[in-house]
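Here is the structure we will look at, set down as C-alpha cells.
Remember, it's 1-based here, ligands and their atoms both numbered in the order they're listed.
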Amino acid sequence: MSLEADSPAEAAMHSYYAARAREYEQIYLKPERQSDLRHLEQEIPWELAGRQVLEIACGTGYWTQFLAQQVAGVLATDLTTETLKVARTKALDPAVVRFAQVDAFALPPSLGLFDGAFAGFWWSHLAFDRVDAFLASLTACLKPGAKVLLLDNRYVPGSSTPISRQDAQGNTFQMRTLQDGSRHEVLKNFPDEHRLMQQLGQVARTVEFRQYDFYWLGVWEYSGAVTTS
Ligand SMILES: C[S@@+](CC[C@H](N)C(=O)[O-])C[C@H]1O[C@@H](n2cnc3c(N)ncnc32)[C@H](O)[C@@H]1O
C-alpha cells in the first residue's frame, strides 16, 4: 500500500517492516526472552478474554494467534502489505480473526467500536509528537471502559540494539541491519511508567505498568474522553 507518511521516520519504519516481514519473527527466538514471552503469551489473551479486540500494527500476526484463543473476535490491522501477507498464512479461525490493511493514525469509523485493544511493539515507534494523533485515532474506535494493552520493549543492554542517536524532541533511534545487509534507521523510544502515564493523560481512567525482564505491559481503561490531535 502506498503511504503518505507524516514524517520521514514513519515512512522509514513502514519500508523497514515491509523489508523485514519474512524474517520478523526471529526476534521472538532470542533465548534470553523466552521465559517472558511464554508468560505474556498467556497473560495478554487472558486480559482480553471474551472481548471484541482491535489489534493495532499486528505485523505478522504473532500476538494475533494467541489472542484468537481467548477473545470473542479480533480485527488485526496493519499498514504493510508484506507483514499482513505473512499474518494471513497463519490460517487462524476466520470466525474469530479478521485482518484489515489500515493506517493506525487514520482508523476509519467503519471498523466499528471495540471493548478491547492491543498493540505490540507499536508504542515505542511513535514519535513523541505523534502520540496524541494516534490516541485520537484509536479512541474513536473504542467504547468507554474498553481495556487496552500496550506491549513493548524495555531497554536491556546486551539484548537491545544500541541507541544510535537522539533528536531534539528526545526521540531515540536505532540502526538495524537485515539479513540482506541493508541498514535502516528506526525510531524506537523506551518510555518508563511516568512517561506512559503522562502520554495517556485524560484518555486513561486507570493505568497499570507491569514490568518483566525484557518487556513492559501497559494495561489501561479508556475513560471515554475525546482527544484532539
Ligand atoms: C514492531 S512491528 C510489530 C508487529 C506486531 N505487533 C508484533 O508485535 O509482532 C511494527 C508494525 O507496525 C506496522 N506499521 C508501521 N506503520 C504503521 C501505520 N502507520 N499503521 C499501522 N501499522 C503500521 C509495521 O508494518 C509493523 O508490522
Inset, instruction - Pull out every atom of ligand 1 sitting under 4.0 Å from any heavy atom of Trp63, numbered as shown with elements. - result: 7 (C), 8 (O), 9 (O)
Inset, instruction - Run the salt-bridge test on Arg38 and Glu41 with the 4.0 Å N-O cut-off and return the result as yes or no. - result: yes
Inset, instruction - Can you sort out which atoms of ligand 1 are near His125, meaning under 4.0 Å from one of its heavy atoms? - result: 1 (C)
Inset, instruction - Under 4.0 Å, heavy atoms only, figure out whether ligand 1 is touched by the backbone of Tyr28, its side chain, both or neither. - result: side chain
Inset, instruction - Can you label the angle between the Tyr28 ring and the Tyr62 ring as parallel, tilted or perpendicular, going by 30° and 60°? - result: parallel
Legend entry - N or O contact, Ile56 vs ligand 1, cut-off under 3.5 Å: no
Inset, instruction - Could you verify whether a donor N or O on one side chain and an acceptor N or O on the other, from Tyr24 and Arg20, lie under 3.5 Å apart? - result: no
Legend entry - Heavy atom of Glu82, distance to ligand 1 below 4.0 Å: no
Legend entry - Over all atoms of both residues, closest heavy-atom pair of Leu142 and Ala117: CD2-CB, 4.0 Å
Legend entry - Option set Thr80, Asp78, Asp152, criterion heavy-atom distance to atom 26 (C) of ligand 1, minimum: Asp78
Legend entry - Proximal ligand 1 atoms for Thr83, defined as those under 4.0 Å from one of its heavy atoms: 25 (O), 27 (O)
Legend entry - Residues Tyr17 and His125: side-chain donor-acceptor under 3.5 angstrom: yes
Legend entry - Residue portion contacting ligand 1 (non-hydrogen atoms closer than 4.0 Å) for Val102: backbone
Legend entry - Part of Asp103 within contact of ligand 1 (heavy atoms, under 4.0 Å): both
Legend entry - ligand 1 contact on Glu10 by region, counting heavy-atom pairs under 4.0 Å: neither
Inset, instruction - Select one of side chain, backbone, both or neither to describe which atoms of Tyr17 lie under 4.0 Å from any atom of ligand 1, heavy atoms only. - result: side chain
Legend entry - Side chain, backbone, both or neither: the part of Glu25 lying under 4.0 Å from ligand 1 by heavy atom: neither
Legend entry - Plane angle bin for Trp123 and Phe134 - parallel if under 30°, tilted between 30 and 60°, otherwise perpendicular: perpendicular
Inset, instruction - Report the part of Cys58 in contact with ligand 1, treating N, CA, C, O as backbone and CB onward as side chain, heavy atoms under 4.0 Å; options are side chain, backbone, both, neither. - result: backbone
Inset, instruction - Give the atoms of ligand 1, by number and element, whose distance to some non-hydrogen atom of Phe121 is under 4.0 Å. - result: 1 (C), 8 (O)
Inset, instruction - Could you check whether the rings of Trp216 and Phe209 sit parallel, tilted or perpendicular, using 30° and 60° as the cut-offs? - result: parallel
Inset, instruction - Look at atom CZ of Arg22 and say whether more than 12 heavy atoms of other residues, nucleotides or ligands are closer to it than 6.0 Å. - result: no
Legend entry - ligand 1 atoms in contact with Met13 (distance to a heavy atom under 4.0 Å): 15 (C), 16 (N)
Inset, instruction - Would you mind running through ligand 1 and noting each atom that sits below 4.0 Å from a heavy atom of Gly59? - result: 4 (C), 5 (C), 27 (O)
Inset, instruction - Look at Asp78 together with Lys85 and state whether they make a salt bridge at an N to O cut-off of under 4.0 Å. - result: no
Legend entry - Least distance between heavy atoms, Val71 atom then Arg51 atom: CB-O, 3.4 Å
Legend entry - Proximal ligand 1 atoms for Ala104, defined as those under 4.0 Å from one of its heavy atoms: 18 (C), 20 (N), 21 (C)
Legend entry - Chi angles and distances behind the side-chain contact (heavy atoms from CB on, under 4.5 Å) call for Tyr222, Leu138: CA-CA 10 Å; Tyr222 174 45; Leu138 173 66; over 6 Å; no
Inset, instruction - With atom 14 (N) of ligand 1 as the reference point, say which of Tyr16, Tyr24, Phe105, Trp122 has the nearest heavy atom. - result: Trp122
